[in-house]
Amino acid sequence: MIATEKRRLVTIVAESVLTEAILAKLEGLGVSGYTVSDARGRGSRGRRTGEIPGENVRIETLVGEDTAARVLEVLAQAYFAEYAIVAWIAEVTVVRGDKYA
């Protein structure tokens, strides 16, 4: 049987204008890898449509429990009050867990 470990998947959906700033904050917290993809949808701030410049991005990273908590703290302090951004943590099982320490 293949060896697995528990990690935290942090998912962030934010205004695309924040992409580089969020990635810099993640790197500052020691996050070594992430995936960025385009996102569309509707939330508490309404639907992101053509009258609002830009799109949303979805940023995902696999990290340890402590780093995941720090990511949410940093995002909350920097962005939650002023921007359309949501973030959540899910426990996941990964192969090669040492890559995400």
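All heavy atoms count here, side chains included; hydrogens, waters and symmetry mates do not. Nothing fancy with the numbering, it's 1 onward along the sequence.
- The distance from the OG1 atom of T19 to the OH atom of Y34 is 10.0 Å, given to the nearest 0.5 Å.
- Under the side-chain contact (heavy atoms from CB on, under 4.5 Å) criterion, T4 pairs with I2, T93, V95, sequence neighbours left out.
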Would you mind writing out the side-chain donor-acceptor pairs for residues 62-72 within the sub-3.5 Å range, not counting sequence neighbours?
| residue | atom | partner | partner atom | Å |
| --- | --- | --- | --- | --- |
| E65 | OE1 | R8 | NH2 | 3.4 |
| T67 | OG1 | R70 | NH2 | 3.4 |

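- Although no hydrogens or angles enter the test, the distance criterion places a donor-acceptor pair under 3.5 Å between the side chain of S16 and the main chain of E55.
- Partners of E73 under the salt bridge (charged side-chain N to carboxylate O under 4.0 Å, His left out) rule, at least two apart in sequence or in another chain, do not exist in this structure.
- Note that CD1 of I89 is 14.0 Å distant from CZ of R7, once rounded to the nearest 0.5 Å.
- Residues I22 and I85 are in side-chain contact: their nearest non-hydrogen atoms beyond the backbone lie under 4.5 Å apart.
- Residue pairs meeting the salt bridge (Lys or Arg N to Asp or Glu O under 4.0 Å) criterion with at least one member in residues 18-38: none, sequence neighbours excluded.
- Across all non-hydrogen atoms, the minimal contact from A14 to L18 is CB-CD1, 4.3 Å.
- Residues satisfying the side-chain contact (heavy atoms from CB on, under 4.5 Å) test with E60, not counting sequence neighbours, are L9, T11, R58.
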